[in-house]
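Quick one: structure below, then a few questions.
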Amino acid sequence: MVREWKQIADVLREDCEGSQVELRGWIYRTRGSNKMLFLVLRDSSGIIQCVGSRNDLGDGVFDLARSLMVESSVIVKGRISPDSRAPGGFEVQVNGMEVVSPAEPFPITKDQSEEYLRDMRHLWIRSRKLTSIMRIRSTLTGAIHDFFRGMGFHEFTPPIFTPNSCEGGSTLFEVNYYDRKIYLTQSWQLYAEAAVFALERIYDVSPTFRAERSKTSRHLSEFWMAEMESAWMTYMEVIEIAQEEIKFIIGRILERNPKDLEILDVDQERLRSYLEKDWSVITYTEALDILKDKGGMEIEWGKDLRTIEEDRLMEFFDAPLTVIQYPKEAMAFYKPLEGQAVDAPGPVAKCFDMLAPNGYGEIVGGSERETDIEALMGSLRKEGEDPKNYEWYMDLRRYGSVPHSGYGLGVERLLAWICALDNIKDAIPFPRTLKRTNP
Ligand code: ATP
Ligand code: MG
């Protein structure tokens, strides 16, 4: 028979007052005297203070409990009683305890460096900070599935091993595949474009790999991208979907994770304010004007925006900003020419990036997709690629092509921004970067 036990969050309630409960978890903190035991118990749902006296517990259990190190796993039995000094307002008056597995002295103590904590990630993952981040991450990806399914999109799963580059060869990870060369996926896009001619509206949340050689607090080598692709839609239409998607995600996190946001010290009012605002859309050329007039930065038209320029630009916006129509020259081969652009001194593409406020940079990148086969081949040649390697992709333009658009949202970038994290490495359980592959 399964024994009944409760989660901590479920007993921190007035209607549990006085009830006898069993809790299972890990010792988070411990102190006490020869007569009294104070320990804080942790499980996946929260922490609770547990107190017991030598008299009530008896010498055997009391001495065993007093000898335990933090992170020992235990089963605690006792009565729930209100205590205004206890975190959560309630404590357990312990009347029984079983040790499941005693811990050795825990290697993580206060005031350790971020790098040490990353070396110890397999243990640091138990911290309240990382537990809260992982819980919010679970809400975030769940919200993406609900958002797209609610709009009639189908989940489509792309391959991870791919023979081609999608975002340029320099960030490809090469893999030895039965003595042949193959790559880890940089984006689902080419496959998504094949699938929209069957399913029309699709999305995914998938692992993505890019060999990012510059060390920044925004780039991981392995990250998760939530992408969407839709037949018949223009890039301006998918921008609206991206805005709605992110508002949906923020709303869901505010609703489901208020305690986690509190643990992370996130300003929930600020997050809520994003839901009410209209999010601006400006052109790349307008962005350069703002940077020049208000930001004191002169950028040559045609250059992609760098991190410092994106950050400066966002000082003038208090909600995510979409920048459209970047210079065609700097864009990937599949982004088509925008013939209707009015303010640009040179050719621009039907594309966009969405930037987050407060220095979190690009969270979404998207575009319409070139449907003209000659234009595609020309752009590939310009990038130094052989169009022959993209034969199957060209087929998509030969058999009833239609206008289509899509975007990729960086799960860790969005999470880092929502949780106000200092580094993207804390937005993924086990980060992979240029330097870090362990643990
Ligand atoms: P950046 O210029 O910041 O490197 P990108 O233009 O290469 O981004 P896209 O190819 O448009 O990015 O990818 C879509 C989204 O995936 C980005 O908006 C970002 O949120 C996320 N992303 C891209 N590269 C990384 C990375 N190395 N680590 C984490 N997230 C990333
Ligand atoms: Mg990049």
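Whatever order the structure lists ligands and atoms in, that order sets their numbers, starting from 1. Not measured: the values here are computed from a predicted model.
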side-chain contact (heavy atoms from CB on, under 4.5 Å) partner of Glu286, the single match among Val281, Ile324, Asp343: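 That would be Asp343.
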
Geometric class of the Tyr177/Phe161 ring pair [parallel <30°, tilted 30-60°, perpendicular >60°]: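 Geometry flag for Tyr177 against Phe161: perpendicular rings.
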
Close side-chain approach of Thr322 to Trp279, heavy-atom, < 4.5 Å: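 A side-chain contact under 4.5 Å is absent here.
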
For Glu212, atoms of ligand 1 separated by under 4.0 Å from a heavy atom: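 Selected atoms, number and element: 24 (N), 26 (C), 27 (N).
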
Where ligand 1 meets Gly365 - atom numbers and elements under 4.0 angstrom, heavy-atom basis: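 That gives atoms 11 (O), 18 (O) of ligand 1.
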
Protein heavy atom at shortest distance from atom 16 (O) of ligand 1: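 The protein heavy atom lying closest is Met225 SD, 3.2 Å.
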
N or O pair under 3.5 Å between Leu220 and ligand 1: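 N/O-N/O distance below 3.5 Å exists for this pair.
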
Nitrogen or oxygen atoms of Asp353 and ligand 1 under 3.5 Å apart: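 There is no such contact.
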
Ligand 1 contact on Val364 by region, counting heavy-atom pairs under 4.0 Å: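 Within the 4.0 Å criterion, Val364 contacts ligand 1 through backbone atoms alone.
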
Geometric class of the His145/Tyr203 ring pair [parallel <30°, tilted 30-60°, perpendicular >60°]: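 Perpendicular, since the angle between the ring planes exceeds 60°.
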
Criterion side-chain contact (heavy atoms from CB on, under 4.5 Å) on Val348 and Trp301, from CA distance to verdict: CA-CA 11 Å; Val348 295; Trp301 197 96; 3.6 Å; yes

Counterpart residues, side-chain contact (heavy atoms from CB on, under 4.5 Å), relative to Asp289 (two or more places apart):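 Checked Asp289 against side-chain contact (heavy atoms from CB on, under 4.5 Å); matches are Asp293.
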
Under 3.5 Å: N/O of Phe223 near N/O of ligand 1: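 In this structure, Phe223 places no N or O atom under 3.5 Å from an N or O of ligand 1.
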
Parallel, tilted or perpendicular: ring planes of Phe197 versus His404, cut at 30 and 60 degrees: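 Answer is perpendicular, since the angle exceeds 60°.
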
Heavy-atom nearest neighbour in the protein, as seen from atom 21 (C) of ligand 1, with distance rounded to 0.1 Å: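 Answer, as residue, atom name and distance: Gly410 CA, 3.6 Å.
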
Trp188 and Phe156 aromatic ring geometry - parallel, tilted or perpendicular at 30°/60° bounds: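 The arrangement is tilted - the two ring planes meet at 30° to 60°.
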
Atom indices of ligand 1, in the order listed, that fall short of 4.0 Å to a heavy atom of Ile363: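 Per the distance check, 18 (O), 20 (O).
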
Ligand-side contact atoms (ligand 1) for residue partner Arg218, heavy atom cut-off under 4.0 Å: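 Matching atoms, with element in brackets: 28 (N), 29 (C).
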
Other residues, nucleotides, ligands: >12 heavy atoms within 6.0 Å of Arg85 CZ: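 Incorrect, the count does not exceed 12.
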
Nitrogen or oxygen atoms of Glu412 and ligand 1 under 3.5 Å apart: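 Checking ligand 1 against Glu412, no N or O pair falls under 3.5 Å apart.
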
Part of Glu362 with heavy atoms under 4.0 Å of ligand 1, whether side chain, backbone, both or neither: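 Both backbone and side chain of Glu362 come within 4.0 Å of ligand 1.
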
Distance in Å, Met69 CE paired with Glu104 CD, rounded so as to fall on 0.5 Å steps: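 That separation rounds to 9.5 Å.
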
Any Arg210 heavy atom less than 4.0 Å from ligand 1: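 For ligand 1, residue contact (heavy atoms, under 4.0 Å) with Arg210 is present.
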
Distance from atom 1 (P) of ligand 1 to nearest protein heavy atom, with residue and atom: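 Of the protein heavy atoms, His219 NE2, 3.6 Å lies nearest.
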
Nearest neighbour in protein (non-hydrogen) for atom 19 (C) of ligand 1: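 That would be Arg413 NH1, 3.5 Å.
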
